[in-house]
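Structure record follows, encoded as structure tokens.
Note: hydrogens, waters and symmetry copies are ignored here, and every other heavy atom, side chains too, is used.
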Amino acid sequence: DVQLQASGGGLVQAGGSLRLSCATSGFSFDDYCLGWFRQAPEKEREGVSYIDNYDGDTYYSDSVKGRFTMSSDNANNTVYLQMNSLKTEDMAVYYCAAGPAGPTKKCSDNDWVYYYWGQGTQVTVSS
């Protein structure tokens, strides 16, 4: 049974930091893309970051590059998203997701690549 459990969201002032966690189970973590997406009210879901655990590739959207860092703890099947210098425009529900990776399966910030999704964690940034 595949599970992705996102946590770590909360309320923070602009300029502050949060670290999101996504604990996973039920699939071959080392052969999967792990991604973070976010969705703000009345906006489309946006790919924020991903790690390709198969080849180590990482990606950050332009809106978070230089402020967010994604990491993968392969021993504990958990990924993290360290979010620094938070802005009000970062406020959203953040979701972690997993999809198969490999020599012919490239990770992407497109959500259709990801088969499994966590339940989301709310990030609120006050000005």
**Asked** What are the two closest non-hydrogen atoms of A6 and C96, and how far apart are they?
**Response** CB-SG, 4.0 Å

**Request:** Calculate, to the nearest 0.5 Å, the distance between atoms SG and CD1 belonging to C107 and I51 respectively.
**Result:** 9.5 Å

**Asked** Minimum heavy-atom separation for T78 to A23, with atom names?
**Response** OG1-CA, 3.8 Å

**Asked** Do you know which two heavy atoms are closest between L20 and G9, and how far apart they sit?
**Response** CD2-N, 3.6 Å

**Complete:** Value for CE (M91) from OG (S127), rounded to nearest 0.5 Å, stands at 8.5 Å

**Asked** Is Y95 reachable from Y50 through a run of hydrophobic residues whose side-chain heavy atoms are each under 4.5 Å from the next?
**Response** yes

**Message:** Would you say F37 ends up clustered with V123 if hydrophobic residues are merged whenever their side chains have heavy atoms under 4.5 Å apart, either directly or through other cluster members?
**Reply:** no

**Item:** Centroid separation W36 to F68 less than 6.0 Å
**Value:** no

**Message:** Hydrophobic cluster membership, with links at side-chain heavy-atom distances under 4.5 Å among I/L/V/M/F/W/Y: are L18 and V125 in one?
**Reply:** yes

**Spacing of L81 atom CG and Y60 atom OH [to the nearest 0.5 Å]** = 7.5 Å

**Asked** With a cut-off of 6.0 Å (strictly less than), are more than 12 heavy atoms of other residues, nucleotides or ligands near OH of Y59?
**Response** yes

**Request:** Might you point out which heavy atoms bring G99 and Y114 nearest each other, and give the distance in Å?
**Result:** N-CD2, 3.7 Å

**Asked** Are V64 and V79 co-members of a hydrophobic cluster defined by side-chain heavy atoms under 4.5 Å apart?
**Response** yes

**Asked** Within the distance-only criterion (no hydrogens, no angle test), does the side chain of T24 pair as donor or acceptor with the backbone N or O of N77 below 3.5 angstrom?
**Response** yes

**Prompt:** Applying the 4.5 Å side-chain criterion to the ILVMFWY set and letting contacts propagate, would L86 and L11 be lumped into a single cluster?
**Reply:** no

**Prompt:** Do K65 and D62 sit within salt-bridge range, that is, some charged N less than 4.0 Å from a carboxylate O?
**Reply:** yes

**Prompt:** Hey, what's the ring geometry for Y116 with F27, parallel, tilted or perpendicular (30° and 60° as the breaks)?
**Reply:** parallel

**Heavy-atom closest pair, residues S126 and T88** = C-CG2, 4.3 Å

**Prompt:** What distance do R67 atom CZ and M83 atom CE have between them, rounded to the nearest 0.5 Å?
**Reply:** 9.5 Å

**Request:** Supply the atom-to-atom distance S108 OG to D57 CG, rounded to the nearest 0.5 angstrom.
**Result:** 10.5 Å

**Request:** Without swapping roles, check the side chain of D52 against the backbone of D55 for a donor-acceptor pair under 3.5 Å.
**Result:** yes

**Complete:** Rounded to the nearest 0.5 Å, the CG atom of N53 sits from the CG atom of N74 at a distance of 4.5 Å

**Prompt:** Knowing that exactly one of R38, Q39, Q122 qualifies, which makes a side chain to side chain donor-acceptor pair (under 3.5 Å) with Y94?
**Reply:** R38

**Asked** After noting the C-alpha distance and the side-chain angles of E46 and S61, does the key distance pass the side chain to side chain contact (heavy atoms under 4.5 Å, CB included) rule?
**Response** CA-CA 9 Å; E46 172 192 9; S61 67; 3.9 Å; yes

